[in-house]
> 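Have a look at this one.
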Amino acid sequence: MNKQTLINCYQQIKPFVHRTPVLTSHLINDIVGADLFFKCENFQKMGAFKMRGATNAIIQLNKEQKSKGVVTHSSGNFAQALSLAAKSLGIKAYIVMPNSAPQVKVDAVIGYGGVVTHCESTLEARENAASQISQKSGATFIHPSNDLDVIIGNSTACLELLEDVADLDYIFTPVGGGGLIAGTALAAHYFGKNCKVIGGEPFEADDAYRSLISGKIETNKTANTIADGLRTQLGDINFPIIQKHVERIIRVQELEIIAAMRLIYERLKIVVEPSSAVALAAVLKEKEQFKNKKIGVILSGGNIDLSKLPF
């Protein structure tokens with residue numbers, strides 16, 4: 001793994017992803033007392049950064065693997081990302097989704113060409129169903145966040161951000177399964193100039209915060225957070241990268257997430273999902289520490305049911 005690995009990845013996935021815009025708001029800058037630059041992955045194809053990692057993971061497969069397709073288990077953005085990436089690259093995608101997955105997400109996966117298998121909503125049931133499909137079809141399993149090729153693909157959002165705004169002091173991302181923050185941390189390490197990466201995480205699903213303290217992967221007993229994309233946990237591939245390259249994680253309350261989400265809607269005039277707002281909520285939580293700094297904020301996605309807005 002080196003700088004060139006990330007550059008090569010970016011060149012390969014470029015034809016299949018959008019270069020997303022960076023937005024700013026004078027009012028949000030005034031509230032924080034710093035200059036914020038929002039990397040809008042809500043404008044990415046299928047509406048989230050996960051298109052990057054999914055595309056890179058598929059590109060890395062050999063010809064025989066591609067002929068047999070890919071499989072994953074996901075109820076959300078990665079299900080859509082892998083389906084669309086596979087369609088773009090002309091291969092088959094099998095997607096295991098829990099029975100509890102919203103119909104709008106199931107429909108989106110089918111719309112992108114994914115072959116959906118339903119299962120019980122436990123992790124064990126998802127893993128078993130994906131394993132059976134893999135054995136039967138020969139499809140390669142791709143994990144939504146704990147896969148090095150996915151992590152490297154995810155790094156390209158931060159790589160673009162640092163091309164657009166070279167001298168950032170900090171970059172904030174939400175933390176769920178760890179695939180985005182690990183990729184961001186790699187890009188900041190190789191392309192930033194003393195640029196520190198900080199994660200935002202809900203108190204209601206703070207496994208990554210606790211994992212960094214204990215030095216081992218912790219789990220959540222419950223994950224009762226509005227940031228539904230962050231209810232997953234770290235993996236053994238992304239955790240060592242996070243340990244090495246992430247400065248710290250700031251935890252935020254549910255009302256702080258909603259307030260940050262509302263601020264983004266009001267001031268940037270864009271649609272983001274609650275998980276995206278967690279990164280801004282983390283900046284706002286400890287804004288005194290970031291006075292007069294240049295801060296990148298990765299808005300991870302915009303896939304939300306608009307009938308369930310929390311404000």
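Keep in mind that what you see is a predicted model, and the values were worked out from it rather than measured.
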> Under 3.5 Å, is there a donor-acceptor pair between the side chain of Ser134 and the main chain of Ser131?
no
> Between Lys287 and Ile31, is there a donor-acceptor pair closer than 3.5 Å when you use the side chain of the first and the backbone of the second?
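Yes: the side chain of Lys287 pairs with the backbone of Ile31.
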> Looking just at side-chain N and O atoms, do Asn224 and Arg231 make a donor-acceptor pair shorter than 3.5 Å?
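There is no such pair (donor and acceptor under 3.5 Å, judged by atom type) between the side chains of Asn224 and Arg231.
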> Decide yes or no on salt bridge (Lys or Arg N to Asp or Glu O under 4.0 Å) for Asp167 and Lys294, but give the supporting numbers first.
CA-CA 7 Å; Asp167 51 349; Lys294 292 183 76 170; 2.7 Å; yes
> Given the rule in the side chain to side chain contact (heavy atoms under 4.5 Å, CB included) test, do Thr140 and Gln60 qualify, once you have shown the distances and angles that lead to the verdict?
CA-CA 11 Å; Thr140 301; Gln60 302 311 316; over 6 Å; no
> Would you confirm whether Asp169, through its side chain, and Cys195, through its main-chain N or O, come within 3.5 Å as a donor-acceptor pair?
no
> Considering only NZ, NE, NH1 and NH2 on the basic side and carboxylate oxygens on the acidic side, decide whether Glu64 and Lys66 come within less than 4.0 Å.
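Looking at Glu64 and Lys66, the cut-off is not met.
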> Do NZ/NE/NH1/NH2 and the carboxylate oxygens of Glu41 and Arg52 come within less than 4.0 Å?
yes
> Would you say the side chains of Tyr170 and Glu247 form a donor-acceptor pair under 3.5 Å?
no
> Strictly under 6.0 Å, is that where the ring centroids of Phe311 and Tyr265 end up?
yes
> Backbone N or O of Ala79 within a donor-acceptor pair of the Ser74 side chain at under 3.5 Å?
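Checking the backbone N and O of Ala79 against the side chain of Ser74, a donor-acceptor pair under 3.5 Å is found.
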> Do Glu273 and Asn42 meet the criterion of a side-chain donor-acceptor pair at a distance under 3.5 Å?
no
> For Glu256 and Gln253, does a side-chain donor sit closer than 3.5 Å to a side-chain acceptor?
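No pair is found: no donor N or O on one side chain lies under 3.5 Å from an acceptor on the other.
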> Are any side-chain N or O atoms of Gln65 and backbone N or O atoms of Asn62, one a donor and one an acceptor, separated by less than 3.5 Å?
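Judged by distance alone, yes, a pair lies under 3.5 Å.
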> Establish, yes or no, whether a centroid distance under 6.0 Å links the rings of Phe141 and Tyr94.
no
> Can you confirm whether the side chains of Ser307 and Asp305 place a donor and an acceptor under 3.5 Å from each other?
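Short answer, yes.
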> Please report the shortest heavy-atom distance between Phe43 and Pro21, naming the atom on each side.
CD1-CG, 3.4 Å
> Nearest 0.5 Å please: distance from the NE2 atom of His189 over to the CE atom of Met1.
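Interatomic distance, His189 NE2 to Met1 CE, rounded to 0.5 Å: 10.0 Å.
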